[in-house]
Amino acid sequence: MSHEHVSNTKRIWQVFGWLSLITIIEVAFGIVKPDALFMTNFLGMNLLNWLFIILTLVKAYYIVWAFMHMEGETSSLRWSVVGTVIFLVVYLLFILLTEADYIYGIFKNSTIKWNF
């Protein structure tokens, strides 16, 4: 039995294009920092930071989907990987926001000054 080798060159260039486009958008927002996103807070962070987090997660998901061949796996395996990552990201964001707010409150309402 011989297996025919299928070239995935087109697929690789598509993934490269999408990941590059998302990265260019992230860099452009980082350079421009629109006031509508930078000065508007939502759940303890400005919208620009939320945009960066969301776009980074989209890139990470697309990398796993394309380069780790998750598109060809069964639904249960995909959800076991993606569900775990979603849970960990939400958990780490919760810790980040909770601790950052606590530290901000300590420095805001005390005689201790920011030294960093």
Side-chain angles (χ1 to χ4, degrees):
M1 272 178 104
S2 66
H3 296 284
E4 181 180 330
H5 179 70
V6 179
S7 176
N8 288 328
T9 305
K10 181 180 176 184
R11 173 86 169 126
I12 291 170
W13 281 108
Q14 285 177 341
V15 172
F16 175 74
W18 282 111
L19 293 176
S20 297
L21 179 69
I22 294 171
T23 302
I24 290 169
I25 291 170
E26 285 179 332
V27 170
F29 275 122
I31 292 171
V32 174
K33 290 185 183 176
D35 286 338
L37 296 174
F38 189 63
M39 297 297 182
T40 306
N41 286 333
F42 178 71
L43 293 175
M45 282 194 312
N46 61 40
L47 290 178
L48 189 61
N49 286 346
W50 282 111
L51 181 71
F52 288 146
I53 290 170
I54 290 168
L55 289 176
T56 302
L57 290 175
V58 167
K59 285 194 316 186
Y61 182 79
Y62 200 61
I63 288 168
V64 169
W65 184 258
F67 291 124
M68 298 178 81
H69 309 289
M70 291 299 278
E71 68 231 343
E73 297 296 338
T74 62
S75 177
S76 58
L77 178 62
R78 276 187 277 170
W79 275 109
S80 66
V81 171
V82 172
T84 304
V85 170
I86 289 171
F87 172 75
L88 289 175
V89 167
V90 169
Y91 179 68
L92 291 174
L93 281 173
F94 171 76
I95 290 173
L96 173 80
L97 294 174
T98 303
E99 293 299 320
D101 187 50
Y102 173 76
I103 296 295
Y104 176 75
I106 293 294
F107 282 111
K108 181 181 177 186
N109 299 324
S110 71
T111 58
I112 302 171
K113 300 297 178 198
W114 294 93
N115 60 359
F116 48 90

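Keep in mind that this is a model prediction, so the values were computed, not measured.
Taking 4.5 Å as the limit, every side-chain heavy atom of Lys59 sits out of range of all side-chain heavy atoms of Trp18. At a threshold of 4.5 Å between non-hydrogen side-chain atoms, the residues Glu26 and Thr56 count as touching. Ile31 has its side chain within reach of Val27: a pair of non-hydrogen atoms, C-beta onward, lies under 4.5 Å apart. Within the 4.5 Å cutoff, no side-chain heavy atoms of Thr40 are placed close to those of Asn46. Between Tyr61 and Val64 there is no side-chain heavy-atom pair separated by less than 4.5 Å.
Residue Val89 forms a side-chain contact (heavy atoms from CB on, under 4.5 Å) with just one option from Leu92, Leu93, Ile86, and that option is Leu93.
With hydrophobic clusters built from ILVMFWY side chains whose heavy atoms lie under 4.5 angstrom apart, Leu88 does not share a cluster with Leu77. Leu51 and Val32 fall into different hydrophobic clusters, where Ile, Leu, Val, Met, Phe, Trp and Tyr residues are linked whenever their side-chain heavy atoms come under 4.5 Å apart, directly or through other members. Note: the hydrophobic cluster containing Val90 does not contain Phe87 (ILVMFWY, side chain heavy atoms under 4.5 Å, direct or indirect links). Tracing side-chain contacts under 4.5 Å through hydrophobic residues (I, L, V, M, F, W, Y), one never reaches Phe94 starting from Val85; they form parts of separate clusters.
Atom CG of residue Leu37 and atom CZ of residue Phe52 lie 9.0 Å apart, to the nearest 0.5 angstrom. A distance of 12.0 Å separates CD1 in Ile54 from CD1 in Ile22, rounded to the nearest 0.5 Å. Between atom CD of residue Glu73 and atom CZ of residue Arg78 there is a gap of 8.5 Å, rounded to the nearest 0.5 Å.
Below 30°, between 30° and 60°, or above 60°: for Phe16 and Trp13 the angle between ring planes is above 60°, a perpendicular geometry.
Counting all heavy atoms, side chain and backbone alike, Val15 lies closest to Ala66 at CG2-CB, 3.6 Å.
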